Amino acid sequence: MTPRSAARTPLSTISLYVLLAVADAPLHGYGIIKDVERRTDGVLSLEAGTLYAALRRLQDEGLIREDARARPGDDDRRRRYYRLTPLGLEALRRECARLADFLRVARDKRVTPAPHGS
């Protein structure tokens, strides 16, 4: 898959959560695992092998890159940090817009509740 085509394809659930995890700042693998668990209230608990396969695939697609700089205060040089690329941000935004469209249709069909405060 080329980097350009990756930005146009729907993202898997794991890819979506990994990209969301690194959207604000670079994270290492364990940080990504914990972020995903927290955001899903423990429903999605990534195993290391699953995470690192997803990270390799996202790197191959040009959506994330390894950040060679260690975060300040991190004294473990073995940790690898991952950062969202501009293409990754584009793919994340497209996927969120796609999901928002699905949710809008579901709300119009009254198969899902309206957002809070509506």
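Please read all numbers here as calculations on a predicted model, not as lab measurements.
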Does Thr40 use its side chain to pair, donor to acceptor, with the backbone of Val36 at less than 3.5 Å? yes
Straight-line distance of [X] [atom1] to [Y] [atom2], nearest 0.5 Å:
X     : Y     : atom1 : atom2 : answer
Gln59 : Glu66 : CD    : CD    : 6.0 Å
Leu27 : Ile33 : CG    : CD1   : 11.0 Å
Asp60 : Ile64 : CG    : CD1   : 9.5 Å

Test: Glu37 and Lys34 ion pair at under 4.0 Å: yes
Just jot down the side-chain hydrogen bond (donor to acceptor under 3.5 Å, both in side chains) partners of Arg38, sequence neighbours excluded, or say none. Asp35
Leu44 with Ile32, same ILVMFWY side-chain cluster at under 4.5 Å: yes
Does one hydrophobic cluster hold both Leu19 and Tyr52, with members joined at side-chain heavy-atom distances below 4.5 Å? yes
Out of Leu63, Leu20, Val18, which one pairs with Leu92 under the side chain to side chain contact (heavy atoms under 4.5 Å, CB included) rule? Leu20
If the test is side chain to side chain contact (heavy atoms under 4.5 Å, CB included), which one of Leu58, Thr85, Asp67, Leu84 qualifies with Val22? Leu84
Smallest heavy-atom separation, Leu55 atom then Tyr82 atom, equals CD1-CE1, 3.6 Å
Please name the pair of heavy atoms, one in Ile14 and one in Ala54, separated by the smallest distance, quoted to 0.1 Å. CG2-CB, 3.8 Å
Does the side chain of Ser12 reach to within under 4.5 Å of the side chain of Arg57, using non-hydrogen atoms? yes
Show, in sequence, the C-alpha distance, side-chain angles and deciding distance for Glu95 and Arg98, and conclude whether the salt bridge (Lys or Arg N to Asp or Glu O under 4.0 Å) test is met. CA-CA 5 Å; Glu95 183 65 3; Arg98 186 183 75 81; 2.7 Å; yes
Under the rule for side chain to side chain contact (heavy atoms under 4.5 Å, CB included), what residues qualify as partners of Ala53, not counting sequence neighbours? Arg56
